[in-house]
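Residue numbers start at 1 and run along the sequence shown.
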Amino acid sequence: MGPVSSRLPVFPWDRLEPYKTTAAAYADGIVDLSVGTPVDPVPELVRKALTDAADSPGYPTVWGTAALRDAITGWAAERLGATGLDHTNVLPVVGSKELVAWLPTQLGLGAGDRVAYPRLAYPTYEVGARLAGAEPVVYDDPWELDPTGLKLLWLNSPSNPTGRVLGADELRRTVAWAREHGVLLFSDECYIELGWESDPVSVLHPDVCGGSYDGIVAVHSLSKRSNLAGYRAAFLVGDAAVLGELLLIRKHGGMMIPAPVQAATVAALGDTEHVGEQRERYARRRTALREALEAAGFRVEHSEASLYLWATRDESCWDTVGDLAKRGILVAPGDFYGSAGERFVRVAFTATDERVDEAVRRLAQ
């Protein structure tokens with residue numbers, strides 16, 4: 001048996017290290033706009049909930065507390081418009097990346113099975129398929145896929161990396177197609193609260209799914225909307241039969257969110273004020289960077305939602321990365337997300353206000 005890692009592509013971020021070194025050598029330090037990691041404080045009410053629950057000597061449960069499940073169903077009803085949810089329709093997970101990477105394995109997929117995801121996409125969709133020994137397949141329009149052997153279909157709206165938002169008509173058509181062909185549909189909606197030029201719709205909205213969750217599951221995370229990337233707090237909402245099977249498997253695997261993080265998640269989902277405050281921070285940074293990029297000769301495409309600007313100067317993404325690194329600015333090359341991105345870069349606006357202002361200054365030089 002060969003190493004499992006041999007099934008996987010080269011870890012993309014390792015390829016960026018030389019450019020990071022170049023950017024870090026700039027006189028006033030690096031402006032890192034490559035990884036979309038939150039930099040702003042964790043909301044005080046969330047930190048208080050975490051510390052208040054710190055005396056948690058016993059094992060937490062994989063399904064989470066009843067309070068957590070109530071918080072998830074309540075948030076999904078209020079924010080996503082989902083109807084008729086109960087506890088069997090939700091499942092907490094240890095961060096959304098873990099779920100994406102191991103979902104095909106937990107679904108029992110393997111050789112002869114196919115997993116589809118957008119042509120420009122988060123690399124972990126492909127990694128999950130390869131870890132399970134399944135075949136990864138990319139698409140432009142999901143309903144044009146060959147359904148033969150297709151067991152899992154990923155949607156991602158708002159998109160990482162492009163920020164593109166799928167409309168209700170596209171989502172509804174995809175749900176109908178997946179159900180017609182018996183394909184399980186997972187919709188990655190982790191950026192749904194970060195719409196700028198459009199209002200993203202969940203696959204769970206009755207206008208999309210017809211009020212039934214059969215064959216569909218939505219993936220959500222608190223990493224972006226609440227600055228909780230370090231907490232690894234995420235959850236699934238949708239088909240009770242699918243989530244029930246995953247719950248059984250995850251119980252055996254001990255995939256449980258720590259009890260203090262469960263309490264913090266309840267607090268975060270119950271509060272909208274901090275979400276609005278964080279959106280205002282990101283909106284200011286997004287506007288400043290977009291204007292600076294366009295003034296510097298870049299064209300920004302899509303980017304109507306999420307935490308990124310999808311930008312190009314119609315050259316190799318690595319030429320762009322290299323040029324910006326010499327100015328102390330680090331961005332992500334578009335080909336990290338598929339060959340279709342080879343002439344784009346992804347620019348995150350998750351840096352501090354001071355670093356964003358510095359990037360604007362350097363872009364103007």
**Report entry** Arg69 NZ/CZ over Trp63 ring centroid, <6.0 Å and within 45° of normal
**Finding:** yes

Would you say the rings of [Y] and [X] are close, in the sense that their centroids are separated by under 6.0 Å?
X	Y	answer
Tyr337	Phe344	no
Trp154	Tyr139	no
Trp318	Tyr19	yes

For [Y], is there an ion pair with [X] - N to carboxylate O distance below 4.0 angstrom?
X	Y	value
Arg346	Glu301	no
Glu170	Arg164	yes
Arg172	Asp169	yes
Arg130	Glu126	yes
Arg173	Asp141	no
Asp40	Arg285	yes
Glu98	Arg250	yes
Arg79	Glu193	yes
Arg327	Glu358	no

Query raised in the report: For Glu44, does the CD atom have more than 12 heavy-atom neighbours from other residues, nucleotides or ligands under 6.0 Å away?
Result: yes

Distance in Å, [X] [atom1] paired with [Y] [atom2], rounded so as to fall on 0.5 Å steps:
X	Y	atom1	atom2	answer
Thr65	Asp70	OG1	CG	8.0 Å
Leu307	Cys190	CG	SG	11.0 Å
Arg47	Leu228	CZ	CG	11.0 Å
Glu245	Leu248	CD	CG	6.0 Å
Leu309	Thr162	CG	OG1	11.5 Å
Leu171	Leu185	CG	CG	9.0 Å

Query raised in the report: Judged by modelled atom types alone, do Tyr125 and Asp188 share a side-chain donor-acceptor pair under 3.5 Å?
Result: yes

Query raised in the report: Looking just at side-chain N and O atoms, do Tyr117 and Tyr122 make a donor-acceptor pair shorter than 3.5 Å?
Result: no

Report task. Kindly determine whether Ser34 and Val331 satisfy side chain to side chain contact (heavy atoms under 4.5 Å, CB included), including the steps that lead there. Result -> CA-CA 4 Å; Ser34 61; Val331 298; 5.6 Å; no

Report task. Take Trp310 and Leu120 through the side chain to side chain contact (heavy atoms under 4.5 Å, CB included) test and state the conclusion after the steps. Result -> CA-CA 11 Å; Trp310 187 238; Leu120 278 169; 4.0 Å; yes

When hydrophobic residues are tied together by side-chain contacts of less than 4.5 Å, even through go-betweens, does [X] share a cluster with [Y]?
X	Y	result
Leu155	Phe186	no
Ile192	Ile216	yes
Val208	Leu153	yes

Do [X] and [Y] come close enough that some side-chain heavy atom pair is under 4.5 Å?
X	Y	value
Lys224	Leu194	yes
Trp177	Pro147	yes
Pro136	Val115	no
Pro43	Asp271	no
Thr88	Leu243	no
Val46	Tyr231	yes
Leu16	Leu330	yes

Requested in this report: Evaluate the ring-ring contact (aromatic ring centres under 6.0 Å, His included) criterion for residues Phe336 and Trp13: first the C-alpha distance (whole Å), next the side-chain angles of each, then the deciding distance (0.1 Å), finally the verdict.
Outcome: CA-CA 8 Å; Phe336 276 11; Trp13 296 99; 5.0 Å; yes

Main-chain N/O of [Y] paired to [X] side chain as donor or acceptor, under 3.5 Å:
X	Y	result
Asn227	Pro41	yes
Arg355	Ile30	yes
Gln106	Ile249	no
Thr312	Arg299	no
His181	Val183	no
Thr22	Pro18	yes
Thr124	Val127	no
Ser212	Asp214	yes
Ser56	Ala53	yes

Report task. Before giving the answer on side chain to side chain contact (heavy atoms under 4.5 Å, CB included), spell out for Val31 and Tyr26 the whole-Å C-alpha distance, their side-chain angles and the decisive distance to 0.1 Å. Result -> CA-CA 9 Å; Val31 177; Tyr26 194 83; over 6 Å; no

Report task. Could you give me the CA-CA distance, side-chain angles and deciding distance for Lys151 and Glu135, then say whether salt bridge (Lys or Arg N to Asp or Glu O under 4.0 Å) is met? Result -> CA-CA 10 Å; Lys151 299 298 178 64; Glu135 178 188 354; over 6 Å; no

Query raised in the report: Would Ser226 and His274 count as a side chain to side chain donor-acceptor pair (under 3.5 Å) if you check the C-alpha gap in whole Å, the side-chain angles of each, and the deciding distance to 0.1 Å?
Result: CA-CA 7 Å; Ser226 298; His274 78 274; 2.8 Å; yes

Requested in this report: Apply salt bridge (charged side-chain N to carboxylate O under 4.0 Å, His left out) to Arg279 and list each qualifying residue two or more places apart in sequence or on a separate chain.
Outcome: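 Here no residue qualifies.
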
Report task. List the steps and the verdict of side chain to side chain donor-acceptor pair (under 3.5 Å) for Gln365 and Arg362. Result -> CA-CA 5 Å; Gln365 293 178 341; Arg362 295 178 190 182; over 6 Å; no

Query - His220 and Phe235 aromatic ring geometry - parallel, tilted or perpendicular at 30°/60° bounds - result: parallel

**Report entry** Full working for side chain to side chain donor-acceptor pair (under 3.5 Å) between Glu304 and Ser198
**Finding:** CA-CA 6 Å; Glu304 58 258 32; Ser198 64; 4.8 Å; no

Query raised in the report: In chain order, what residues pass the side-chain contact (heavy atoms from CB on, under 4.5 Å) check against Glu315, with sequence neighbours excluded?
Result: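 Expected list: Arg313, Asp319, Thr320.
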
Report task. Check the pair Val217 / Val237 against side chain to side chain contact (heavy atoms under 4.5 Å, CB included), numbers first and verdict last. Result -> CA-CA 6 Å; Val217 176; Val237 186; over 6 Å; no

